[in-house]
*Asks:* 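For reference, the structure I am asking about is given below.
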Amino acid sequence: MPTVPAESLRSIARDIFEALGAPSEDAEAVADVLVEANLAGHDSHGVIRVTQHCASVRAGDTVPGATTTTVRETATTTIHDAQWNFGAVAMSRALADGMDKARDLGMHAFGIHNCNHIGRLGHYSDLAARAGFVPMIAVNSTGAGASVAPYGGRHGKLGTNPFCVAFPTTDDPVLMDMTSSIVAEGKIRVRRNSGESLPEGWILDRHGDPSTDPEDFYGPPRGAILPFGGPVAHKGFALSMMAELLAGSLTGAGNVGERDGHIGNGVFCLLMDVGAFRAEADFRSTASRVGAYVKDCEPADGTDEVLLPGEPEHRARHSRSASGIVVDDTTWRGLCEEAAKAGLAAPQT
Ligand code: NAD
């Protein structure tokens, strides 16, 4: 498996998206979100998605260069229509707009309609938290994408519906970014690409029976992912319903199972300006002190230390920035094929 520096991966992905018709700034934004996911250790949301994005453009499901329009607006809320541009482009634009508005009035909430997959939520929350906001993001799956079984059910009815909240500190943000399913779909894809079986308790097969074979999830017919929580999976299911109603219903973006065909992300994001609540510097040092207090705990057997939410990703970013990103062979082959289709020089490791 090749090891590739982040900067090379970024330019390979950017050139491919540009060749597909994305304006250079947009191609850069999509490549950035993908490579930052690899750097954070979430290969499931990294350049593994390039071929999927390319197929989506060719099928007409992603519209490079589409403008984001405003559907509805008040002083503290905005509903955007991404018009099926890349999700990363729509979310990056909406986030920048939301931070400007939250700076003025103390907080701002936005939703996005007709939005393709935005990728790793933590990417956007990290940016917002470093800029002095507390972001809260919920995402659902609009249209198709019923891949997660409700608690007590045998078949997929919901998306993996992730939730993300982050807080600025004097150093890296404390950042929770998690699916309400036991695992993100992309992590099943990573195991399928590398021929590994799944841990028990991740999926059901097409009949609703437990399985450890990734192919049983993909089918066809498809199986289902379980909500997170194992013996208390009713909690993961409860979170999933909240994300579904916030991101799909409150915003008006649409809910899972409502339309056939075009699968996308409904997005809800609330941005709170720390400075509207208290002096930002005071909050940052309080958050760091609370984090240090919690971390100062004797580790349990089999654990070296207590990590805060977000810490595994910050550490991965530091080490992968230095050592490069290991790209699985299937993904690398996909990048080389897409580069060839676009008439670009063969990517080098
Ligand atoms: P995960 O289980 O790896 O991590 C969940 C949270 O736990 C993170 O905040 C992480 O920092 C924290 N964490 C992990 N290990 C820890 C440890 N040892 N100690 C303390 N904290 C720890 O993440 P996930 O649920 O598999 O989600 C993966 C990614 O998938 C997320 O980035 C999410 O945004 C993305 N996703 C996106 C979509 C979409 O439609 N756009 C859908 C699903 C998931």
Side-chain angles (χ1 to χ4, degrees), residues 30 33-34 36-46 48-49 52-53 56 82 86-92 94-95 112 115-129 135-148 156 158-167 172-191 198-199 201-202 225-230 235-236 239-240 243-244 246-248 253 256 263-269 291 294-295 297 299-300 302-317:
V30 186
V33 170
L34 296 179
E36 283 295 322
N38 287 115
L39 282 174
H42 289 283
D43 294 330
S44 56
H45 287 71
I48 193 173
R49 304 268 174 174
Q52 180 189 338
H53 285 342
S56 176
F86 290 96
V89 171
M91 182 63 186
S92 302
L95 184 73
I112 314 180
C115 184
N116 281 304
H117 192 257
I118 65 167
R120 176 177 169 258
L121 276 55
H123 174 78
Y124 311 99
S125 288
D126 190 273
L127 286 173
M136 189 184 113
I137 307 175
V139 158
N140 80 327
S141 182
T142 56
S147 51
V148 180
L158 292 156
T160 50
N161 293 6
F163 251 119
C164 184
V165 183
F167 289 89
D172 291 323
V174 177
L175 193 154
M176 177 199 83
D177 176 19
M178 50 175 257
T179 55
S180 51
S181 54
I182 189 112
V183 67
E185 180 273 322
K187 290 186 179 166
I188 300 178
R189 191 182 310 195
V190 169
R191 298 236 180 183
L198 306 175
W202 278 20
I225 309 175
L226 288 161
F228 101 83
K235 300 190 190 192
L239 267 180
S240 177
E244 184 65 35
L246 273 173
V256 66
I263 181 169
N265 274 162
V267 179
F268 169 84
C269 176
V294 173
K295 277 178 71 65
C297 181
T303 315
D304 292 334
E305 62 176 316
V306 169
L307 298 176
L308 295 176
E311 224 174 337
E313 287 79 6
H314 300 316
R315 288 188 179 186
R317 184 177 299 108

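In listed order, ligands and their atoms are each counted from 1. Just so we're clear, the structure is a prediction, and the values are computed from it rather than from any experiment. Every heavy atom of this structure was used, including side-chain atoms; hydrogens, water molecules and symmetry mates were not.
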*Asks:* Distance from Ile225 atom CD1 to Ile188 atom CD1, nearest 0.5 Å?
*Replies:*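 So the CD1 of Ile225 and the CD1 of Ile188 are separated by 4.0 Å.
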*Asks:* Keeping the roles fixed (side chain from Asn265, backbone from Ile118), state whether a donor-acceptor pair exists under 3.5 Å.
*Replies:*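 Yes; judged by distance alone, with no hydrogens or angles, the pair exists.
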*Asks:* List of N/O pairs, ligand 1 versus protein, all under 3.5 Å?
*Replies:*
| from | atom 1 | to | atom 2 | distance (Å) |
| --- | --- | --- | --- | --- |
| ligand 1 | 3 (O) | Lys187 | NZ | 3.3 |
| ligand 1 | 9 (O) | Leu175 | O | 3.1 |
| ligand 1 | 9 (O) | Asp177 | N | 3.0 |
| ligand 1 | 11 (O) | Gly310 | N | 2.7 |
| ligand 1 | 11 (O) | Glu313 | OE1 | 2.7 |
| ligand 1 | 11 (O) | Glu313 | OE2 | 3.4 |
| ligand 1 | 25 (O) | Thr179 | N | 2.9 |
| ligand 1 | 25 (O) | Thr179 | OG1 | 3.1 |
| ligand 1 | 26 (O) | Lys187 | NZ | 2.8 |
| ligand 1 | 30 (O) | His45 | NE2 | 3.3 |
| ligand 1 | 32 (O) | Asp177 | OD2 | 2.5 |
| ligand 1 | 34 (O) | Leu121 | N | 3.0 |
| ligand 1 | 34 (O) | Asp177 | OD1 | 2.7 |
| ligand 1 | 34 (O) | Asp177 | OD2 | 3.2 |
| ligand 1 | 36 (N) | His45 | NE2 | 3.2 |
| ligand 1 | 40 (O) | His117 | NE2 | 3.4 |
| ligand 1 | 40 (O) | Asn265 | OD1 | 3.4 |
| ligand 1 | 40 (O) | Asn265 | ND2 | 3.0 |
| ligand 1 | 41 (N) | His117 | NE2 | 3.4 |
| ligand 1 | 41 (N) | Gly119 | O | 3.0 |
| ligand 1 | 41 (N) | Asn265 | OD1 | 3.1 |

*Asks:* Is any side-chain N of the basic residue among Glu311 and Arg315 closer than 4.0 Å to the acidic one's carboxylate O?
*Replies:*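 Judged by the 4.0 Å cut-off on N to carboxylate O distance, Glu311 and Arg315 do form a salt bridge.
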*Asks:* How far does CD1 of Ile137 sit from CZ of Phe163, to the nearest 0.5 angstrom?
*Replies:*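 Taking CD1 in Ile137 and CZ in Phe163, the distance rounds to 11.0 Å.
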*Asks:* Would you please name every residue forming a ring-ring contact (aromatic ring centres under 6.0 Å, His included) with His123, sequence neighbours left out?
*Replies:*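 For His123, no residue satisfies ring-ring contact (aromatic ring centres under 6.0 Å, His included) once neighbours in sequence are set aside.
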*Asks:* Nearest 0.5 angstrom please: Leu34 CG to Arg49 CZ, how far?
*Replies:*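 Rounded to the nearest 0.5 Å, the CG-CZ separation comes out at 9.0 Å.
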